[in-house]
Amino acid sequence: MSQHDLLPQCSFAPPRSTPLPRNGAQIETDPVRQQSLGKKTARGVMWMSAQSFGVKVTATVGNLVLMALLFKEDWGVFALAIAVKALLDITGRIGMRQILVQRHAKFDRWATPAFWMALTAGMIASMLIIGIGPLMADQYDQPDLVWMLVILAANSPILAMGMVPQAKLQSQMRFKAIASIEFTAHVGALLATVILAALNFGPFSFVIPLPFMELWRSAAFWYLARPRIRLTPQFRRWKLLMADTSYILVTDVLSRVVSQADYLILGLFHPIALVGAYSVAFRFSTQSMSVVTGNLRQALLPALSKLQSEPTRQLRAFLRAGRMLTAVYTPVALLQAITCEPLLRLLYGEKYLESIPVLQILSISMMLRAINGPSVSLLRSQGRYRTNMLLQIIYTLVFVIVAMLVASTWAAVELAIGVSVVAVAFGPIQTYVAIRSIGGSWSDVVGIYVQPVIAGSTAFALTWTAGLFIPTNLSDPVRYCIEIVIYTLLGVGLYAAIVRWIMPALWSDLLRQFEGVNPLPLRRFSRKAHQHQMRP
């Protein structure tokens with residue numbers, strides 16, 4: 001995707017009678033400014049992707065170290081604690097950052113009431129998290145949950161204080177700054193977690209660094225953005241924000257229910273060690289997607305919001321970004337699925353055997369769920385908060401019912417299958433609803449998935465077949481290492497070759513992106529590769 005292909009230019013300006021979009025968003029009519037917007041968005045996506053890759057690599061290495069230092073029971077207790085915190089912490093769910101980004105033209109007007117509303121929500125969330133600690137410890141027979149939740153409760157008000165300056169940076173499309181802050185925060189917290197785990201802090205290793213990470217993020221956002229916040233809370237404007245934020249709040253709380261309910265439900269019927277094994281698999285399967293799509297949503301939301309009055313361009317921008325995201329994430333998901341068994345056996349022997357089939361199932365499903373997050377960004381950029389909420393209500397009800405039925409009868413593998421089927425079925429429906437109002441169709445939805453899935457399935461099926469010819473008389477460590485190398489090099493190489501063959505336009509777009517942000521040697525390589533691709 002070129003730096004301005006993501007948001008194609010218009011060759012004409014709209015007439016004077018063109019109505020203004022909702023919330024006072026400005027209409028971009030200057031071709032130079034439109035090109036600038038496209039470049040900023042493309043650069044934003046690439047900066048977020050670069051940050052995501054760095055976080056992915058460090059988090060993967062860190063989690064592999066933590067798996068050696070900690071027990072499955074430690075992972076299980078942490079999974080329960082973070083699930084409770086996620087369900088009760090409405091601070092990040094109240095939607096202030098998204099509202100401010102959408103209302104970027106009048107940011108200063110809404111910054112003060114948004115700040116005080118978010119801080120109030122953070123304080124309430126802290127009290128709720130602390131209050132429910134004893135009840136959860138008694139329900140799951142895990143006394144450590146009480147103090148773990150006390151530590152996690154400190155996160156909420158700190159997170160609230162950083163929301164407005166982060167929204168200002170995002171609305172200004174300063175993605176390089178956001179990516180740098182997020183990267184240093186995640187890496188710092190991960191290093192602290194590893195050190196604490198080595199010092200035998202057990203499940204507390206996960207939670208102790210989190211308030212410090214959040215404090216760094218908020219302080220850095222304030223230093224760079226410096227929004228104007230008044231001491232008066234401006235209560236009269238709170239109700240004007242509540243209409244949109246109420247929909248976002250309900251939607252995101254339900255989203256958290258979906259992301260955490262399987263841990264809590266599994267823990268009601270099975271030992272904490274099985275919850276830990278499921279948690280390890282879920283953490284690895286979702287890590288790459290959540291980082292990549294979450295940062296892409298930060299880049300897409302302000303860009304799509306600026307195109308509220310131009311549905312054709314908005315649709316083209318979304319579909320192009322969706323195809324690129326699916327094409328990039330497909331090999332990552334399939335590579336996770338195919339290499340997880342030799343990798344876990346090589347590093348930990350039989351310690352995490354229960355996690356392997358769960359990780360394989362969830363990784364494959366993630367390949368088809370990468371577009372779900374950007375679909376939410378599109379709905380919110382259009383101001384369709386109520387539609388987004390109704391979709392999430394239906395999804396949450398189906399998800400919880402299926403999870404309860406499966407977990408009460410079977411175990412972790414069957415639970416992974418059940419929740420994956422529900423999630424994969426919901427994604428295309430949500431995408432279709434998001435694009436229908438701006439001229440999209442089911443064929444557009446199918447176009448996002450089909451070619452990357454065909455390319456990925458073909459490449460990694462051939463790769464898995466090649467792995468069958470590895471000699472069986474080798475020692476286990478040697479055979480596992482050979483499998484990992486073959487799966488990685490052959491799988492990714494075949495996938496790239498197939499994408500270049502069946503999706504030449506997308507291949508050219510991906511190459512052009514490297515010209516914007518990568519180091520000079522790679523930039524020259526991508527430019528030469530792109531020029532070679534464009535030759536007749």
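Here the structure is a predicted model, which is why all the values come from computation and not from measurement.
- Note that the CG atom of L149 and the CD1 atom of I130 stand 9.0 Å from one another [nearest 0.5 Å].
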Are I129 and S156 close enough, and set up right, to give a side-chain contact (heavy atoms from CB on, under 4.5 Å), and what steps lead you there? CA-CA 10 Å; I129 293 170; S156 300; 4.0 Å; yes
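- Side-chain contact between I208 and T193: absent, with no pair of heavy atoms (C-beta onward) separated by less than 4.5 Å.
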Might you work through the side-chain contact (heavy atoms from CB on, under 4.5 Å) test for T251 and Y385, ending with a clear yes or no? CA-CA 8 Å; T251 302; Y385 303 111; over 6 Å; no
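- W222 places no side-chain N or O within 3.5 Å of a backbone atom of Q166 that could act as its donor or acceptor partner.
- Listed here is the closest heavy atom pair of G322 and I448: O-CG2, 3.8 Å.
- Applying the side chain to side chain contact (heavy atoms under 4.5 Å, CB included) criterion to A192, with sequence neighbours excluded, gives P209.
- Residue pairs that meet the side chain to side chain donor-acceptor pair (under 3.5 Å) test with at least one member in residues 201-214, sequence neighbours left out, are E214-R217.
- Checked against side chain to side chain contact (heavy atoms under 4.5 Å, CB included), T488 has the following partners two or more places apart in sequence or in another chain: L335, T339, I484.
- Heavy atoms only, all atoms of each residue included: Q260 and A86 are closest at CG-CB, 3.7 Å.
- Of all heavy-atom pairs between A434 and L379, the closest is CA-CD2, 3.6 Å.
- The ring pair (Phe, Tyr, Trp, His ring centres under 6.0 Å) search around F71 returns none, not counting sequence neighbours.
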Just do the side-chain contact (heavy atoms from CB on, under 4.5 Å) check on F212 and I158 with the steps written out, would you? CA-CA 9 Å; F212 297 98; I158 303 175; over 6 Å; no
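- If you look at F78 and F204, their ring centroids are not closer than 6.0 Å.
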Which pairs would a plain distance check flag for residues 115-123, meaning a side-chain donor or acceptor within less than 3.5 Å of a matching protein atom at least two apart in sequence or in another chain?
| unit_1 | atom_1 | unit_2 | atom_2 | d |
| --- | --- | --- | --- | --- |
| W116 | NE1 | R230 | O | 2.9 |
| T120 | OG1 | W116 | O | 2.8 |

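- Y223 carries R226 over the face of its six-membered ring, with the cationic atom under 6.0 Å from the centre and within 45° of the normal.
- Evaluation of the side chain to side chain donor-acceptor pair (under 3.5 Å) rule for S363 yields Q336 as partners, not counting sequence neighbours.
- Put simply, the side chain of R384 does not reach to within 4.5 Å of the side chain of L378, judged on heavy atoms.
- Partners of T431 by side chain to side chain donor-acceptor pair (under 3.5 Å), not counting sequence neighbours, listed by chain and number: S375.
- Between A198 and L69 the shortest heavy-atom distance is N-CD1, 3.9 Å.
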Give the C-alpha distance, both sets of side-chain angles, the deciding distance and a yes or no for side-chain contact (heavy atoms from CB on, under 4.5 Å) between V146 and M136. CA-CA 8 Å; V146 175; M136 296 300 299; over 6 Å; no
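- Within the 4.5 Å cutoff, no side-chain heavy atoms of M367 are placed close to those of T326.
- In this structure, the separation between CG on L315 and CD1 on I438 is 4.5 Å, given to the nearest 0.5 Å.
- Atoms OG1 and CE, from T396 and M389 in turn, are 11.5 Å apart once rounded to the nearest 0.5 Å.
- Other residues, nucleotides and ligands contribute only 12 or fewer heavy atoms inside 6.0 Å of the CH2 atom of W216.
- Taking 4.5 Å as the limit, every side-chain heavy atom of R256 sits out of range of all side-chain heavy atoms of K85.
- Annotation: side chain to side chain contact (heavy atoms under 4.5 Å, CB included) contacts of L368 (sequence neighbours excluded): V424, Y449, V453.
- Within the model, atoms CD1 of I124 and CG of L88 stand 12.5 Å from one another, a figure rounded to the nearest 0.5 Å.
- Not counting sequence neighbours, F221 has no partner by the ring pair (Phe, Tyr, Trp, His ring centres under 6.0 Å) test.
- Ring-plane geometry between Y395 and F426 is classed as parallel, the angle between the planes falling under 30 degrees on a 0 to 90 degree scale with a further cut at 60.
- Considering every non-hydrogen atom in both I364 and A337, the closest pair reads CG1-CB, 3.9 Å.
- The heavy-atom pair separating Y263 from A83 by the smallest distance is CD1-CB, 4.4 Å.
- Within the 4.5 Å cutoff, the side chain of S420 has heavy atoms near those of the L362 side chain.
- A heavy-atom distance below 4.5 Å is not found between the side chains of L80 and V84.
- Looking at residues two or more places apart in sequence or on another chain, you find no ring pair (Phe, Tyr, Trp, His ring centres under 6.0 Å) involving Y495.
- In this structure the side chain of M67 reaches within 4.5 angstrom of the side chain of F284, judged on heavy atoms.
- Aromatic pair W75/F206: ring centres closer than 6.0 Å.
- Y348 OH: more than 12 foreign heavy atoms inside a 6.0 Å radius.
- Side-chain contact between V328 and R323 is absent, with no heavy-atom pair separated by less than 4.5 Å.
- Here the CG atom belonging to L199 is positioned 7.5 Å from the CD1 atom belonging to I195, to the nearest 0.5 angstrom.
- Here the CG atom belonging to L87 is positioned 11.5 Å from the CG atom belonging to L128, to the nearest 0.5 angstrom.
- Evaluation of the side chain to side chain contact (heavy atoms under 4.5 Å, CB included) rule for A281 yields S355, V358, L359 as partners, not counting sequence neighbours.
- Remark: F201 pairs with no residue by the ring pair (Phe, Tyr, Trp, His ring centres under 6.0 Å) rule, at least two apart or across chains.
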